[in-house]
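Following: one structure in structure tokens, then a few remarks.
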Amino acid sequence: MTIKKNEQYTVEFIDLTHEGLGVCKIDNFPIFVENALPQEQATIKIIKVGKNFGYGRIVEHLTTSPNRVAIKDEKGTWVGTMPLQHMTYDTQLVFKQQQVQNVMNKVAQLPQVPVYSTLGATQQIGYRNKAQIPVGQQDGELITGFYRKNSHTLIPMDDFIIQDPEIDQAIITLRQILQQHDIVAYNEAHHSGQLRHIVVRKGVATQQLQIVLVTRQQKLPAMKIIVDSIIQQIPNVVSIVQNINTKRTNVIMGEITKVLYGKDSIKDKLLGYTFNISSQSFYQVNPAQTEVLYQEAIKAAQLKSTDVVIDAYCGIGTIGICLANQVKHVYGVEVVESAIQMARDNAKLNQLTNLTFEVGKAETLMSQWIKAGIKPNVIIVDPPRKGLDSTFIEAAVNVKPRSIVYVSCNPATLARDLKLFASKGYETKYIQPVDMFPQTVHVECVALIEKK
Ligand code: SAH
């Protein structure tokens, strides 16, 4: 049977993809469908047929799974902010654990490594402390929302559901202020217009808000009056900055940041420590679960007061600072210079003197530190999605640390790297998944690696 676009079929779902799409087969040909769970039967319409698989859309559910809950907002499925919103929370946690187990079986070929149950979040909506919202133009008005998946169509959204409601409200008010002053949205196709993105970050423990207006050019009309209106109309704003991104790119922030009000930073607290966070620095987006994640990393490290610890990919120094009082010394490395400045400030802010932070690539600095005679007992890594560089792994095992704690936001690269560690005599004791991003497919993990 040849499967045709726009035809309808009755199917039963048998599995989920790692993106949370339901999988069904028509004559052995896999079709992936949003908002579909295993064991559910449905009528679907084919929307795309590829060589090895296709995509469909639900026309009507014929049966529903007990693991299903009512959808909060179907736009969250279209734009990809809440691809798992139709699953009960327990089902989401099991799904995430299985994602990790799958890559440990297939990518790492280490099926024996225990993958623990995902540590779930108490707060499953309204948890995000940061929003990066593209701005568009519709019928002469500014709109804010998200792009439909795989498209350039901006879907207007006011309630993002997973973001802190105060951030959602700030975006609406900002949009109105900017509209009143005839600010024009950036147009991707023509590389014209003024405003590209609105970024809002909240220090949840301090209630401080930072607003970043990402513009195409340095000049933004009515800047002073816009800033005054923001301060008047949005409570708790302590920092307003303009970020200038002149390039044709889908990277949100450009290199130049201008402070329009306050400083380029806000404060937040984690595990009793205070942190200054600048607009350009990475900071975890779910503070409650960040505390859970960091506690898991610290627990895995089984720290001693004589330990020398490396905090690689340290951002603004959060992990190192949270554990510094339990050890002799912490060395942090991070590639973003302003983040390292923040990290040094943050050590001082918390009256800690046993931390050293350096700008550089972890893979380069690691070998330099070791050449300089630094002997770490524990190495903690928290790399971006692409994972560790093999030269970093090489340098790390050569210095023979007691343990390596790997904090990962991407199970696929984690598994790849654990396989390499295993080939060098370092075995993974366990993996603890932590749910930092309820309603999404993302999963964070802490892996403990020790010498065999
Ligand atoms: N541990 C921190 C940051 C983790 S995010 C926290 O929990 O907040 C990963 C960080 O790695 C980012 O700050 C990024 O700027 C940094 N980074 C990316 N590539 C790097 C490299 N090659 N060497 C060092 N740091 C890098």
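The analysis underlying the following values was restricted to heavy atoms, covering all of them including side chains, and did not include hydrogens, waters or symmetry mates. No experiment lies behind these values; they were computed from the predicted model shown.
Here the CD-CD distance, from Q218 to Q242, works out to 6.5 Å after rounding to the nearest 0.5 Å. Rounding to the nearest 0.5 Å places OG of S338 at 10.0 Å from CD1 of I316.
Remark: side-chain polar atoms of N243 are paired, donor with acceptor, to backbone N or O of G254 under 3.5 angstrom. Panel note: side chain Q92, backbone Q439; a donor-acceptor pair is recorded below 3.5 Å. With N346 contributing its side chain and T318 its backbone, the two residues share no donor-acceptor pair below 3.5 Å. Side-chain atoms of Q302 do not come within 3.5 Å of backbone N or O of K299 as any donor-acceptor pair.
Considering R201, M342, Q208 as possible partners of I277, the one that fulfils the side chain to side chain contact (heavy atoms under 4.5 Å, CB included) test is R201.
Taking Q295 as the reference, L271 meet the side chain to side chain contact (heavy atoms under 4.5 Å, CB included) condition, with sequence neighbours excluded. By the side chain to side chain contact (heavy atoms under 4.5 Å, CB included) test, K348 pairs with no residue at all, sequence neighbours left out. Among residues two or more places apart in sequence or in another chain, the side chain to side chain contact (heavy atoms under 4.5 Å, CB included) test is passed with N325 by Y273.
Ionic pairing of D158 and R175 is present here: one or more N-O contacts between side-chain nitrogen and carboxylate oxygen are shorter than 4.0 angstrom.
Two rings, from Y313 and F282, have their centers 6.0 Å or more apart.
Here the closest non-hydrogen pair linking L414 and I431 is CD2-CD1, 4.2 Å.
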